[in-house]
Amino acid sequence: MGASFLPPCMSRIATRSESNATNSLEEIAVDLPDGRTARVEITGLPTNHARVDVRIPNGRRWIFGVNGDIAGLVMVLNQNGQRVDDELPTWIEPVIQRTGLKGIDS
């Protein structure tokens with residue numbers, strides 16, 4: 001991802017090694033409208049991100065696979081790591097778009 005502009009509501013937590021395709025490339029923090037902070041982890045190759053994880057500390061986790069420039073929901077996990085069927089919150093697509101993707105496949 002290199003040097004990228006992050007909007008004021010996002011801060012870079014760490015940039016990790018890009019030498020291994022399974023390593024996390026970047027993790028960012030996003031302030032949500034309700035005052036919580038979500039962590040967004042991008043993994044895969046710099047030119048084709050394989051996965052984007054959005055996590056709320058002690059809360060839900062949304063895992064997206066990436067195809068081209070669109071994210072597709074793979075699964076939602078609750079705070080205990082159990083798979084749940086859950087609607088996407090309204091704030092999640094703008095968060096995905098801030099990673100450089102166009103949006104979420106509906």
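Side-chain contact between T37 and L32: absent, with no pair of heavy atoms (C-beta onward) separated by less than 4.5 Å. In this structure, R51 and I63 have side chains that are in contact, with non-hydrogen atoms separated by less than 4.5 Å. In this structure the side chain of K102 never reaches within 4.5 angstrom of the side chain of Q97, judged on heavy atoms. The shortest side-chain heavy-atom distance between T43 and D53 does not fall under the 4.5 Å cut-off. A 4.5 Å side-chain heavy-atom check between R60 and V84 finds at least one atom pair inside the cut-off. At least one side-chain heavy atom of V30 sits under 4.5 Å from a side-chain heavy atom of R98.
No side-chain donor-acceptor contact under 3.5 Å links N67 to the backbone of I70.
For the atom pair CD1 (I96) and CD1 (I104), the distance works out to 5.0 Å, reported to the nearest 0.5 Å. A distance of 4.0 Å separates CZ in R61 from CZ in R55, rounded to the nearest 0.5 Å. Atom CD1 in I92 sits 12.5 Å away from atom CD in E87 (nearest 0.5 Å). The line from CE of M75 to CD of Q82 is 13.0 Å long, rounded to the nearest 0.5 Å. Rounding to the nearest 0.5 angstrom, the gap separating the CD1 atom in I56 from the CD atom in Q79 is 11.5 Å. Between the CG atom of L73 and the CH2 atom of W62 there is a distance of 10.0 Å, given to the nearest 0.5 Å.
Within a 6.0 Å sphere centred on CG of D34, heavy atoms belonging to other residues, nucleotides or ligands number more than 12.
In terms of heavy atoms, G103 sits closest to E93 at CA-OE2, 3.4 Å.
Considering L88, V74, D105 as possible partners of F64, the one that fulfils the side-chain contact (heavy atoms from CB on, under 4.5 Å) test is L88.
Partners of D85 according to the salt bridge (charged side-chain N to carboxylate O under 4.0 Å, His left out) rule, which considers only residues two or more places apart in sequence or in another chain, do not exist here.
V76 and L101 fall within a single hydrophobic cluster, where Ile, Leu, Val, Met, Phe, Trp and Tyr are joined by side-chain heavy atoms under 4.5 Å apart, directly or via other members.
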